[in-house]
Number of protein chains: 2
Amino acid sequence: MEYQEAKDKFISTWGSLGTLWGINKAMAQIQALLFVSTKPLSMEDVMEDLKISRGNTSMNLRQLMDWGIVTKVLISGERKEFFTTEKDVQELARIIAKERSRREIKPVIKVLDEVSSIKDDGTEKTKELIKQTKALKDLTDDLDTLMNKLVNQKQNWLTKSVLKLMK
Amino acid sequence: MEYQEAKDKFISTWGSLGTLWGINKAMAQIQALLFVSTKPLSMEDVMEDLKISRGNTSMNLRQLMDWGIVTKVLISGERKEFFTTEKDVQELARIIAKERSRREIKPVIKVLDEVSSIKDDGTEKTKELIKQTKALKDLTDDLDTLMNKLVNQKQNWLTKSVLKLMK
DNA sequence: ATAAACTTTCAATAATTATTGAAAGTTTAA
DNA sequence: TTAAACTTTCAATAATTATTGAAAGTTTAT
């Protein structure tokens, strides 16, 4: 497999995986492109490489910046803006986990908490709703905490030690 | 908040969360409905409660069965089929983690592995592609392993001990 | 101040994904 | 064996989501 083929394969795979970590295709592809690029890219560069429109590029770069995954870099002597992504995978995972927790998991925990706190009127169906949503809330809470703790360690030692523990 | 309101809120929240665990809205809502129901439901019951068509119900129940989350139950004296979902959240998480790993994560790891194994032609961009996809592959591998190990413990002790370890 | 270089916005459109409903298929009771 | 009860399939349609491109907006150099 040649460089270009490998690169394209990486970008399209990472793009279609976007849903798995909660972002859209173009966003994931732009991030992937920046991730394997040796230097910051301009909007023009991204448009050309991925064959997407200027508007699309602009909007998705903005979103990536909102996530904190992509940053603008100023290149002296250049008028246009250039972009890079976080290059360290551990840090990338940390940012993504934190954002997904904040945007999606925390709000769900809140709803589960509200639902599981309704007044027990003594009927079987109410008891079941309370019991099951409570169980789901506790599990989601645990997994959210675990995920954040795991990924919050900037160093690698924790992941390694946990993996070892579980072998 | 009354029973019906709480139930609807749970179902719609869980439904819109579907994407987070990789299934569609109707599928997630059907699962949620069964999850808080005190007894198995027929296709008719599901259709009525969620106000979705027969075809939609049939197709999504089938998918939930493919995932191993929902099972048919035979009720003696009844001609039609009834359905229940796994009621234990730990077991539910185990099944979901296993399926997502198999369907989505494993194939991505395979591609990352292929891409990171291309011949190093000495150019900077090839070196970067190899380095970055390799790092991503290793991380994905670790997280996949961790997730499966964590969630594979049928008992609760592991999650608890890991949470304690990290406090 | 102005115009060129560049970026953002957003209504229109395209692409994708979900849903319907009715016909075809299957099972069971009599 | 047949017809009623029930389930599945799938082409058509609806709903949602992503993408475009051109006009409006902004910044910078002169």
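Every chain is numbered from 1 and lettered A, B, ... according to where its sequence line falls, protein lines coming before strand lines. Quick caveat, the model's predicted, so the values are computed rather than measured. Below, each value reflects all heavy atoms present in this structure, side chains not excepted, and no hydrogens, waters or symmetry copies.
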Participant: Does a salt bridge link A:Lys7 with A:Asp49, judged by any charged N lying under 4.0 Å from a carboxylate O?
Facilitator: yes

Participant: Does atom CD of B:Glu2 have more than 12 heavy-atom neighbours from other groups under 6.0 Å away?
Facilitator: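 Check fails, neighbour count at 12 or below.
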
Participant: Output the rounded distance in Å from CG (B:Leu74) to C1' (C:dT27).
Facilitator: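 Whole-Å distance recorded here is 13 Å.
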
Participant: Assign each of B:Ser53 and A:Phe82 to its nearest nucleotide of DNA chain C by heavy atoms, then name whichever residue's nucleotide is nearer the 5' end.
Facilitator: A:Phe82

Participant: Considering only NZ, NE, NH1 and NH2 on the basic side and carboxylate oxygens on the acidic side, decide whether B:Glu91 and B:Arg94 come within less than 4.0 Å.
Facilitator: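 Yes, this pair counts.
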
Participant: Atom CD1 of B:Ile30 and atom P of C:dT19: how far apart are they, to the nearest Å?
Facilitator: 9 Å

Participant: Check B:Asp144, B:Asp141, B:Thr140 against B:Lys106 for a side chain to side chain contact (heavy atoms under 4.5 Å, CB included) and give me the one that passes.
Facilitator: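 Single pass found, and it is B:Asp144.
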
Participant: Can you tell me how far P of C:dT26 sits from CZ of B:Arg79, to the nearest Å?
Facilitator: 15 Å

Participant: Please enumerate all protein N or O atoms sitting under 3.5 Å from an N or O of nucleotides 8-17 of chain C, with distances to 0.1 Å.
Facilitator:
{"from": "C:dT8", "atom 1": "OP2", "to": "A:Ser58", "atom 2": "OG", "distance (Å)": "3.1"}

Participant: Rounded to the Å, how far apart are B:Ile52 CD1 and C:dT20 P?
Facilitator: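 Value for this atom pair: 7 Å.
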
Participant: Could you check how far CD of B:Glu78 sits from C1' of C:dT27, rounded to whole Å?
Facilitator: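 Distance, rounded to whole Å: 15 Å.
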
Participant: For the backbone of A:Ile69 and the side chain of A:Thr85, can you confirm whether one donor and one acceptor N or O come within less than 3.5 Å of each other?
Facilitator: yes

Participant: Around atom CZ of B:Arg103, are there more than 12 heavy atoms of other residues, nucleotides or ligands at under 6.0 Å?
Facilitator: yes

Participant: Under the rule for salt bridge (Lys or Arg N to Asp or Glu O under 4.0 Å), what residues qualify as partners of A:Lys127, not counting sequence neighbours?
Facilitator: A:Asp120

Participant: With side-chain contact (heavy atoms from CB on, under 4.5 Å) as the criterion, how do B:Arg54 and B:Glu44 come out once you've worked through the C-alpha distance, each side chain's angles and the decisive distance to 0.1 Å?
Facilitator: CA-CA 8 Å; B:Arg54 189 176 297 284; B:Glu44 209 75 30; 3.3 Å; yes

Participant: So what's the dot-bracket for DNA chain D: Watson-Crick or G-U pairs under 3.5 Å, [ ] if a pair crosses, | if it pairs off-strand?
Facilitator: ||||||||||||||||||||||||||||||

